[in-house]
Amino acid sequence: AQKVTQAQTEISVVEKEDVTLDCVYETRDTTYYLFWYKQPPSGELVFLIRRNSFDEQNEISGRYSWNFQKSTSSFNFTITASQVVDSAVYFCALRHSGAGSYQLTFGKGTKLSVIP
Amino acid sequence: NAGVTQTPKFRVLKTGQSMTLLCAQDMNHEYMYWYRQDPGMGLRLIHYSVGEGTTAKGEVPDGYNVSRLKKQNFLLGLESAAPSQTSVYFCASSSIPGQGYEQYFGPGTRLTVT
């Protein structure tokens with residue numbers, strides 16, 4: 001069975017602070033994909049990043065960075081110099097790549113509030 | 001290029017009423033999905049489709065039916081709505097494996113069943 005745990009239900013930071021959102025996953029598969037999605041107050045879900053299990057390189061995109069560590073089954077997301085526009089619920093999700101693997105297993109989300 | 005669109009955006013039903021939610025995508029994606037989002041629960045897959053004319057059950061399929069008569073459309077039906085189906089419903093689509101696994105989501109439909 002697959003499982004994604006986002007232990008932080010809510011986080012509040014002051015603008016310009018760095019913040020890390022934790023994601024721990026469980027899977028028996030050797031090949032799988034990990035995702036982060038952002039859900040701003042307007043409600044839509046915005047795709048941020050996909051990472052496959054073969055690629056453990058960290059990724060940076062502007063103020064966003066992701067740290068994938070297979071040894072600890074974690075795929076953490078860091079926002080540097082947070083801004084009010086980063087306020088949203090962030091979801092981590094897991095998908096395995098075997099036949100019939102069409103389902104994304106989502107964590108319950110972390111609500112980030114950036115205070116000006 | 002509208003991406004994934006959902007109709008309607010909001011709906012209020014009385015217990016026992018029926019309705020259909022429409023999802024349309026213009027990205028020529030093969031796969032389409034219906035999720036529901038409930039507070040503190042994340043998103044849970046209701047049904048999905050891997051191509052025109054195909055459907056399959058997801059994690060929480062009871063009380064819902066789906067149809068995929070055209071590649072670009074995926075319909076979610078509630079035959080007899082119950083208060084437990086009060087939720088936000090999201091449709092998503094994705095291309096075939098090998099072309100990326102990310103799912104692109106519609107704006108959501110907020111359904112209230114009284």
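Remember, predicted model here, so these are calculated numbers, not experimental data. Note on naming: letters A, B, ... go to the chains in the order of the sequence lines (proteins, then strands), and numbering restarts at 1 for each one.
Note on Val19(A) and Ile49(A): same hydrophobic cluster, where clusters join Ile, Leu, Val, Met, Phe, Trp and Tyr whose side-chain heavy atoms are under 4.5 Å apart, directly or indirectly. Note on Trp34(B): it does not cluster hydrophobically with Phe91(A), by side-chain heavy-atom contacts below 4.5 Å among ILVMFWY residues. By the rule that hydrophobic residues join a cluster once side-chain heavy atoms approach within less than 4.5 Å of another member, Leu21(B) and Ile46(B) end up as members of one cluster. Clustering ILVMFWY residues whenever any of their side-chain heavy atoms sit less than 4.5 angstrom apart, transitively, puts Val88(B) in a cluster other than the one holding Leu78(B). Phe74(B) and Tyr31(B) are not part of a single hydrophobic cluster, where members link through side-chain heavy atoms under 4.5 Å apart.
Atoms OG1 and CD, from Thr105(A) and Glu59(B) in turn, are 7.0 Å apart once rounded to the nearest 0.5 Å. Atom CG of Leu104(A) sits about 4.0 Å away from atom OH of Tyr35(B), to the nearest 0.5 Å. Taking CD of Gln39(A) as the start and CD of Gln37(B) as the end, the distance is 4.0 Å to the nearest 0.5 Å.
Using a 4.5 Å heavy-atom threshold, the side chains of Tyr37(A) and Leu43(B) count as separate.
Of all the heavy atoms in Phe47(A) and Glu102(B), the pair that sits closest is CE1-CB, 3.4 Å. Contact record, Met41(B) with Lys108(A): C-CG, 4.1 Å, taken as the closest heavy-atom pair.
Residues that satisfy the salt bridge (charged side-chain N to carboxylate O under 4.0 Å, His left out) test with Asp86(A), not counting sequence neighbours, are Arg63(A).
Residue Lys70(A) qualifies as enclosed at atom NZ: its count of foreign heavy atoms under 6.0 Å is above 12.
For Gln6(A), no part lies under 4.5 angstrom from a heavy atom of chain B.
Within residues 105-114 of chain B, the residues approaching chain A closer than 4.5 Å by heavy atoms are, in numerical order, Phe105(B), Pro107(B).
For residues 35-49 of chain B, every residue pair satisfying the salt bridge (Lys or Arg N to Asp or Glu O under 4.0 Å) rule, not counting sequence neighbours, is listed here: Arg36(B)-Asp38(B), Asp38(B)-Arg44(B). A salt bridge (Lys or Arg N to Asp or Glu O under 4.0 Å) check over residues 60-87 of chain B, counting only residues at least two apart or in different chains, returns the pairs Glu30(B)-Lys71(B).
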